[in-house]
Q: 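Just passing along the structure, written as structure tokens.
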Amino acid sequence: MPLSPLPRSFYDHDSRILAPLLLNKVLVVGERQARIVEVEAYAAAEDPASHAYRGPTRRNATMFGPPGHLYVYFSYGMHWCANVVSGGRLDGHAVLLRAGAPVAGVEAMRAARPAARRDRDLCSGPARLCQALGITGADDGSDLVVASAEGPWLGEDGTPPPRRPGRSARIGITKAVDHRWRWFVAGDTNVSR
DNA sequence: CTTTGGATCGTCT
DNA sequence: GACGATCCAAAGG
């Protein structure tokens with residue numbers, strides 16, 4: 001099936017509802033495509049681990065805009081990470097894209113990530129995924145509903161989300177550690193360690 | 001295989 | 001001024 005964008009309404013849900021529905025969707029940047037295999041939900045005001053916990057700031061402004069856009073932030077002084085803005089308008093919900101399976105443009109991904117020894121290492125982490133696809137702060141705010149030639153967008157190729165996704169606590173955070181808001185495609189080798 | 005520490009800087013307090 | 005929604009190379013078993 002050819003790749004087609006999803007309607008705005010697809011994104012207009014609580015992040016914990018949208019997160020598992022993003023599994024097996026395809027993130028596209030130019031010729032590069034990666035199937036989403038791991039995500040985490042961040043629930044704004046009710047989630048101390050969320051960048052949106054304390055309300056709107058310069059950095060997280062995109063999270064407080066309409067759903068279906070990409071929130072990209074700079075992490076640890078050297079990495080970019082990407083989220084899909086969800087929820088209704090003005091509530092700050094988002095879903096972190098943590099890993100993908102390379103689908104197309106694999107040569108370009110290898111060139112962008114010389115440190116990756118195997119292809120399974122190309123997109124197996126939130127910063128790795130962005131590096132492989134060439135996503136940076138310049139892409140913050142991109143509209144994923146519009147299939148653009150250059151910028152990032154999100155496509156659907158007919159593959160449904162897993163009927164029974166893997167689920168666990170979120171990774172790499174120090175607050176609200178107990179919530180099991182991470183979902184992944186069970187058994188997929190591209191899921192981060 | 002697992003563990004450990006260094007890199008590096010925008011953001012908010 | 002402190003702290004990350006991380007990654008990688010190196011060292012040890």
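Note that these values count all heavy atoms, side chains included, but never hydrogens, waters or copies made by symmetry. Order of the sequence lines fixes the chain letters, A, B, ..., with proteins taken first and strands second; residue numbering starts at 1 for each chain.
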Q: How long is the line joining CZ of A/Arg120 and P of C/dC8, in whole Å?
A: 15 Å

Q: If stacking means aromatic ring centre less than 5.5 angstrom from the base's six-membered ring centre, planes under 30°, is A/Tyr42 stacked on C/dA5?
A: yes

Q: Using atom NZ of A/Lys175 as one end and atom P of C/dC3 as the other, report the distance to the nearest whole Å.
A: 10 Å

Q: Quick check: closest heavy atoms across A/Tyr42 and A/Ile173, and the distance to 0.1 Å?
A: OH-CG2, 3.6 Å

Q: In whole angstrom, what separates A/Arg58's CZ from B/dC9's C1'?
A: 17 Å

Q: If you assign each of A/Ala115 and A/Ile173 to its closest nucleotide in DNA chain C, which residue comes earlier from the 5' end?
A: A/Ile173

Q: Could you tell me whether the phosphate oxygens of C/dA5, OP1 or OP2, come under 4.0 Å of any side-chain nitrogen or oxygen in A/His51?
A: yes

Q: C/dA5 C1' sits how many Å from A/Tyr71 OH, rounded?
A: 9 Å

Q: Rounded to the Å, how far apart are A/Tyr53 OH and B/dC12 P?
A: 16 Å

Q: For A/Arg35, is there an ion pair with A/Asp157 - N to carboxylate O distance below 4.0 angstrom?
A: yes

Q: Please determine, for the side chain of A/Ser75, which listed nucleotide (B/dT13, B/dT11, C/dT6) has the closest atom?
A: C/dT6

Q: Please pick, from C/dG4, B/dT13, B/dT11, the nucleotide with the shortest atom-to-atom distance to any side-chain atom of A/Arg54.
A: B/dT13

Q: More 5' along DNA chain C: A/Thr174 or A/Ser124, using each one's nearest nucleotide?
A: A/Thr174

Q: Please confirm whether the shortest side-chain N or O distance from A/Arg113 to OP1 or OP2 of C/dC7 is below 4.0 Å.
A: no

Q: Quick one: do A/Glu40 and A/Arg170 make a salt bridge, cutoff under 4.0 Å?
A: no

Q: Which class fits the ring pair A/Phe74 and A/Trp80: parallel under 30°, tilted 30 to 60°, perpendicular over 60°?
A: tilted

Q: Could you state the CZ-P distance from A/Arg117 to C/dC8, rounded to the nearest angstrom?
A: 11 Å

Q: Looking at the side chain of A/Pro126, which of C/dC7, C/dA9, B/dT13 is the nearest nucleotide?
A: C/dC7

Q: What nucleic acid atoms does A/Ala127 come within less than 4.0 Å of, heavy atoms only: base, sugar-phosphate, or nothing?
A: sugar-phosphate

Q: What pair of heavy atoms forms the shortest contact from A/Pro5 to A/Val145, and how long is it?
A: CB-O, 3.2 Å

Q: Nearest to the A/Met78 side chain among B/dA7, C/dG4, B/dT11, which nucleotide is it?
A: B/dA7

Q: Can you tell me if the side-chain N/O atoms of A/Arg128 get under 4.0 Å from OP1 or OP2 in C/dC8?
A: yes

Q: At 4.0 Å (heavy atoms only), tell me whether A/Tyr76 reaches a base, stays on the sugar-phosphate, or touches nothing.
A: base

Q: Report the base-pairing partner of B/dG5 (Watson-Crick or G-U wobble, both distances below 3.5 angstrom), or none.
A: C/dC8

Q: OP1 or OP2 of C/dT6 sitting under 4.0 Å from any side-chain N/O of A/Arg98?
A: yes

Q: Any Lys/Arg nitrogen of A/Asp47 or A/Lys175 sitting under 4.0 Å from an Asp/Glu carboxylate oxygen of the other?
A: no

Q: Mind calculating the distance between CD1 (A/Ile171) and C1' (C/dC7) to the nearest angstrom?
A: 14 Å

Q: To the nearest Å, how far apart are A/Glu40 CD and C/dT6 P?
A: 7 Å

